[in-house]
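Encoded as C-alpha cells, the structure appears first; notes follow it.
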Amino acid sequence: MVGGGGLLALIVLSGVATLAGVNWKLVAISWTAFAAMAIGAPLGARAVQSEHPLEPIWGYGLASGAMVTSAALFLVPQALGQHGRLGSLGIAVGFLGGYVGHTVGHRFTHLNLPIDSTAAELTVHALSAGAIIGAIYTAMPSLSSILGVALISHKAPAGYAAARRLAAQGRSVVPLLLPAAAVGLVALPVGIVGFAPASTLRGLLFGIAAGVFLHVAVDLLPECTTGSETCPADGDSHLHRDRLRTHAALSATLGGTAVALAWAFVV
C-alpha cells in the first residue's frame, strides 16, 4: 500500500536521522506534520456516516476556509521571504499545475489507482515544502509556536477534507499516509545530507508548495450546485440552494477566522 510505505519510510528515516546526529527539530517537524494530517483524516472518514444534510457543507467549509487562510498567513509569506520574484512565480506554477493535474488527471479515476488526485496534490505540496524545511530549519536554534500552528492549521483540515472526499467515494483513506509523511520523507534526507539550496530555488519550491496547497483549498470550498461533492444540491429548489450557500459562506468564514485568531495569538 502506497500510504503504509510512506509511514514505514518515515519511521526508518527518523531513526537514521537520529543516528546521524541530525538536529531533533527536523524529526519533530516531520512527526508533527504527520500527526496533524493523521488526526484530521479519521475525522473526515467518520463524518461521511452522518446523515445530517448540512454536515458536508460545514465540514468542507470549515476545513477549506482554514486551509485558505493558513496558506495566506503561513505558506505564501514563506515563499516570498525566500525569493520575492521566483516565490511569486512558484505560487502561480503550483496553483495552475494543481488545477491542470486535477482536471487532466480525472481520466485516471477510471483506473482505480491507489491514490486520488487530491491526495496526489497534497503529496506534491508536502514534498516541495519538505525540501525547504530540511534546508532551513536545520540551522534554526529552536522551534517556535507559530510553526506548530502553521503545520496543524493546514495539515489537519487538509487531512479531514481529503479523507472525507475519499470516504464519500467509497475509497480507503490509507493512501493519505503518503502526503502526511511526505514532509519528513524529504526534510530528513536533506537534513542528513546537509544540502542547502540557493534562495532562488528555495523561493521557487516553497512557492510551488504554497500554490498547490491553495488550489486544493479552493477546490474544496463548498459549491452548492447540482452534482457537487462539497455541497450537494441535486434537484433542490433555488431558494433551498441559496440557504445552503449561506451555510457554505458562513462555515468557510468561521474556518478562516479560527486560523486567523490562532495566528494573531502566537505572532
Side-chain angles (χ1 to χ4, degrees), residues 33 36-48 50 52-77 91 94-103 105-106 116-126 129 149-169 171 173 176 179-180 209-233 241-263:
M37 183 170 281
I39 290 172
L43 296 176
R46 190 178 299 114
V48 175
S50 173
H52 197 288
L54 293 179
E55 189 284 325
I57 299 173
W58 276 88
Y60 281 121
L62 288 169
S64 56
M67 291 164 66
V68 169
T69 306
S70 180
L73 292 177
F74 300 113
L75 303 181
V76 171
I91 293 171
F95 191 93
L96 293 175
Y99 167 74
V100 171
H102 183 84
T103 303
H106 176 73
D116 81 324
S117 58
T118 300
E121 290 169 20
L122 289 173
T123 301
V124 171
H125 155 74
V149 173
L151 288 172
I152 294 172
S153 65
H154 81 273
K155 289 292 184 182
Y160 173 92
R164 200 195 185 290
R165 172 171 281 185
L166 282 171
Q169 298 170 355
R171 305 182 67 176
V173 301
L176 289 178
V212 170
F213 190 80
L214 269 172
H215 171 262
V216 174
V218 171
D219 182 58
L220 292 171
L221 282 167
E223 295 183 8
C224 301
T225 57
T226 301
S228 171
E229 293 180 39
T230 54
C231 181
R241 285 198 294 272
D242 283 345
R243 286 197 294 268
L244 295 180
R245 292 188 181 103
T246 300
H247 283 279
L250 181 59
S251 61
T253 300
L254 288 178
T257 300
V259 173
L261 289 175
W263 168 79

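Counting from 1, the numbers follow the sequence of the chain as shown.
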- Task: Rounded to the nearest 0.5 Å, what's the gap from CZ on Arg243 to SG on Cys224? Could you check?
- Result: 12.0 Å

- Message: Any heavy-atom pair between the side chains of Leu244 and Leu54 that's under 4.5 Å?
- Response: yes

- Give, for atom OH of Tyr60 and atom CE of Met67, the distance between the pair rounded to the nearest 0.5 Å. 11.0 Å

- Item | Contact check, side chains of Phe213 and His154, non-hydrogen atoms, under 4.5 Å | yes

- Query: Among all residues two or more places apart in sequence or in another chain, which pass the salt bridge (charged side-chain N to carboxylate O under 4.0 Å, His left out) test with Glu55?
  - Reply: Arg164

- Can you tell me how far the CG atom of Leu221 sits from the CD1 atom of Ile57, to the nearest 0.5 Å? 13.0 Å

- Value for CD (Glu121) from OG1 (Thr123), rounded to nearest 0.5 Å, stands at 9.5 Å

- Query: Which heavy atom of Ala41 sits nearest a heavy atom of Leu176, and at what distance?
  - Reply: CB-CD1, 4.2 Å

- Item | Sub-4.5 Å side-chain heavy-atom contact between Tyr99 and Asp219 | no

- Query: Which heavy atom of Ile152 sits nearest a heavy atom of Ala36, and at what distance?
  - Reply: CA-CB, 4.0 Å

- Query: Where do Ser251 and Gly61 come nearest, in terms of heavy atoms and distance?
  - Reply: OG-CA, 3.3 Å

- Note, Phe95 side chain near Val218 side chain (heavy atom, < 4.5 Å): yes

- Note on the structure: Nearest heavy-atom approach of Ala161 to Ala63 is CB-CB, 4.1 Å

- Smallest heavy-atom separation, Ala45 atom then Ala167 atom, equals CA-CB, 3.9 Å

- Item | Test log, rule side-chain contact (heavy atoms from CB on, under 4.5 Å), inputs Leu75 and Leu214 | CA-CA 9 Å; Leu75 303 181; Leu214 269 172; over 6 Å; no

- Task: Begin from the C-alpha positions of Trp58 and Leu250 and carry the test side-chain contact (heavy atoms from CB on, under 4.5 Å) through to its verdict.
- Result: CA-CA 8 Å; Trp58 276 88; Leu250 181 59; 3.8 Å; yes

- Query: Does the side chain of Arg165 come within less than 4.5 Å of Leu220's, by heavy atoms?
  - Reply: yes

- Item | Interatomic spacing from CG in Leu62 to OH in Tyr160 - rounded to 0.5 Å | 8.0 Å

- Note on the structure: In terms of heavy-atom contacts, Met37 and Ala158 come closest through CE-CB, 4.0 Å

